[in-house]
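Below is one structure; the comments refer to it alone.
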Amino acid sequence: MKKVGRPRRPVRVGMIGLGCAKNLVDGEVMLGHLVEHGAEIVTGVDAADVVVVNTCGFIDDAKRESIEAILEVARHKAAGGVRRVVVAGCMAQRYAAELAAEIPEIDAFVGLDELERAPEAVLGRAAPDRLPDQRGALRLYDHAAPRLLSTGGVFAYLKVAEGCNNPCAFCHIPAMRGAFRSRPLASLAAEARRLEEAGVRELVLIAQDTTRYGEDLGLGRAGLRRLLEALLAGTTLPWIRFMYAYPATLEPAIFRLMAREPRLVPYLDIPLQHASRKVLKLMKRGGGARSYREMLAAAREQVPELAVRTTFIVGFPGEEEAEFEELERFVDEMRFDHVGVFAYSHQAENPGAALGDPVPARVKERRRRALMKRQERISRENHRRLRGAELLAIVEGPSPESELLLQGRLRRQAPEVDGRLLFADGAARAGDVVRVRVTRSYAFDLVGEIREVVSAAPARRAALLPSLPAAVAT
């Protein structure tokens with residue numbers, strides 16, 4: 001009698017995701033392809049047979065973090081704990097040749113234009129010396145691609161475009177992710193419906209320059225508004241927000257839409273990078289304190305509840321003490337709800353590399369800390385005014401500190417970047433939209449009591465959006 005062996009267990013794959021939300025979506029697509037090829041997705045390197053490091057190459061700190069993650073996995077491989085090391089993301093797209101030469105433990109690379117090849121890289125079916133093309137990415141994925149949602153299912157990102165056409169002197173993302181290219185509106189609407197059917201309650205639109213959406217499709221500056229209108233009409237998602245607005249491409253009519261559509265949350269994420277016209281000109285960005293002040297005043301007039309998030313870069317070449325003080329005054333005046341501050345990272349690949357790096361690292365860090373401390377005071381004061389207010393919130397689930405304590409977010413808090421709302425009293429399920437009374441406030445977090453469930457979450461959520469056949473996708 002023929003002996004029947006044990007069935008082979010699936011390959012266990014772990015992913016280390018680094019960088020921005022756009023990279024996270026790429027990771028979800030790769031995981032979707034891996035699941036459809038029979039892989040078992042695990043958390044943590046120790047449980048994995050193969051580890052995919054989805055890298056970021058935006059600034060030196062991000063590159064360093066990516067390389068450290070690769071080396072850590074390589075050490076596990078040397079110790080016999082991991083069989084294969086796969087590198088994906090922006091560094092694979094741009095620096096695969098250098099990484100292959102410096103870290104021979106890497107077994108395969110997956111470029112930004114070949115997410116569907118993740119299974120062959122993981123399973124060892126790719127040629128060992130094969131590298132991504134090392135130029136800026138060209139492709140767009142669509143709604144037919146599989147996705148394994150990694151954000152918990154209450155919210156999900158919708159990547160509306162790829163690449164970037166802006167010439168910012170501090171950024172070499174176009175060299176990795178290519179020129180700006182919008183996804184077709186119908187494809188985005190179809191993916192939004194799929195996400196809603198999977199139980200997603202909040203849709204977060206992202207791109208390198210979200211407000212440029214549709215410009216290359218002949219929609220002019222109305223592209224993002226047209227897309228938002230289509231998503232509002234074609235879904236019943238309780239919350240929709242967009243991130244990564246660009247001052248020069250932001251259409252004012254979006255705020256009229258926001259004012260009349262309660263499902264389009266009153267929130268604006270708009271990286272301004274600086275307030276000094278001198279510094280912004282060196283950064284190859286338009287605008288300045290005066291134009292930004294006017295733009296935000298008009299937006300706040302139309303949407304009184306508008307929460308504004310922005311980011312600034314300190315220590316860019318040309319920023320003297322006078323320019324930094326101008327930025328400090330601007331932050332004091334505008335009273336942003338959320339601010340991120342980064343020290344300039346000089347890189348040879350940046351378009352503005354010829355400007356050098358004249359501001360000492362210690363001065364950059366001093367300015368970064370000073371601006372963040374200033375904003376912390378403003379955030380604390382802004383939050384203090386919310387005490388006693390009854391506001392809408394979305395429940396995300398148990399907090400990391402205790403399964404007995406729920407956490408969520410107000411409409412003014414975007415996922416993963418803006419702090420959280422802890423629920424000290426009341427019951428609800430993940431995905432419920434609730435009315436909450438704010439009882440305590442801190443610089444970045446809030447505490448509240450659930451008054452009522454306004455919109456109940458679906459009973460079931462699905463993590464996997466399976467790939468669609470070509471006939472269905474079209």
Side-chain angles (χ1 to χ4, degrees), residues 21 24-25 28 31-32 35 41 43 143 146-159 188-206 228 230-243 261-267 305 307 389-439 445-466:
L24 182 145
V25 173
E28 291 179 335
L31 291 174
V35 169
I41 308 304
T43 57
H143 65 285
R147 276 181 74 179
L148 182 65
L149 301 180
S150 60
T151 54
V154 171
F155 77 93
Y157 294 109
L158 182 67
K159 185 157 57 167
L188 292 167
E191 186 171 3
R193 289 192 293 271
R194 296 188 74 197
L195 290 166
E196 182 176 21
E197 289 166 4
V200 168
R201 303 283 281 161
E202 178 182 5
L203 194 64
V204 183
L205 278 57
I206 56 172
L228 290 168
L231 295 175
L232 288 163
T235 72
T236 60
L237 289 156
W239 287 9
I240 298 174
R241 78 173 74 231
F242 62 92
M243 308 282 286
E261 288 284 355
R263 292 163 54 213
L264 180 57
V265 298
Y267 182 93
E305 295 180 55
E390 291 199 1
L391 304 166
L392 292 179
I394 195 164
V395 179
E396 293 186 311
S399 74
E401 291 86 353
S402 170
E403 292 187 358
L404 301 177
L405 185 64
L406 290 174
Q407 74 174 35
R409 289 175 288 105
L410 298 173
R411 297 192 299 171
R412 60 187 291 112
Q413 295 170 308
E416 301 188 313
V417 292
D418 285 342
R420 60 185 177 163
L421 170 67
L422 295 171
F423 299 104
D425 192 22
R429 294 181 303 150
D432 284 350
V433 176
V434 299
R435 188 174 305 283
V436 62
R437 179 176 177 271
V438 178
T439 57
D445 297 331
L446 297 160
V447 179
E449 301 170 345
I450 295 174
R451 294 298 203 186
E452 63 173 329
V453 175
V454 176
S455 173
R460 298 179 62 185
R461 292 200 301 270
L464 178 66
L465 275 62

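You'll find the side chain of Met243 stays beyond 4.5 Å of the side chain of Tyr157, heavy atoms only. Asp418 places a side-chain heavy atom less than 4.5 Å from the side chain of Tyr267. Between Arg429 and Val453 the shortest side-chain heavy-atom distance does not fall below 4.5 Å. Here the side chains of Ile240 and Glu261 are not in contact, with every heavy-atom distance at 4.5 Å or above. At a threshold of 4.5 Å between non-hydrogen side-chain atoms, the residues Leu205 and Leu231 count as touching. Looking at Gln413 and Leu446, their side chains come closer than 4.5 Å, going by heavy atoms from C-beta outward. Looking at Ser399 and Leu422, their side chains come closer than 4.5 Å, going by heavy atoms from C-beta outward. In this structure, the side chains of Leu195 and Thr235 stay at 4.5 Å or more apart for every pair of heavy atoms.
For the residue pair Pro238 and Val433, the shortest heavy atom distance occurs at CB-CG2, 3.9 Å. Of all the heavy atoms in Arg201 and Ala456, the pair that sits closest is NH2-O, 3.3 Å. The minimum heavy-atom distance linking Val25 with Arg147 is given by the pair CG2-NH2, 4.1 Å. Here the closest heavy-atom approach between residue Leu421 and residue Ala393 is recorded as CD2-CB, 3.6 Å. Between Pro415 and Val204 the shortest heavy-atom distance is CG-CG2, 3.9 Å. Contact between Leu24 and Ser150 at its shortest, heavy atoms only, is CD2-OG, 3.7 Å.
With sequence neighbours left out, Glu390 forms a salt bridge (charged side-chain N to carboxylate O under 4.0 Å, His left out) with Arg451. Arg420 pairs by the side-chain hydrogen bond (donor to acceptor under 3.5 Å, both in side chains) definition with Glu401, Gln407, not counting sequence neighbours. For Glu197, the side-chain hydrogen bond (donor to acceptor under 3.5 Å, both in side chains) test picks out no residue, with sequence neighbours left out. Applying the salt bridge (charged side-chain N to carboxylate O under 4.0 Å, His left out) test to Arg409 and every residue at least two apart in sequence or in another chain returns Glu202, Glu396. With sequence neighbours excluded, the residues satisfying side-chain hydrogen bond (donor to acceptor under 3.5 Å, both in side chains) with Arg412 are Asp337. In this view, Ala189 and Arg193 satisfy the side chain to side chain contact (heavy atoms under 4.5 Å, CB included) rule, not counting sequence neighbours.
A donor-acceptor pair under 3.5 Å is formed between the side chain of Arg241 and the backbone N or O of Arg411.
Note that CG of Leu410 is 11.5 Å distant from CD1 of Ile394, once rounded to the nearest 0.5 Å. One finds the CH2 atom of Trp239 at 13.5 Å from the CG atom of Leu203 (value rounded to the nearest 0.5 Å).
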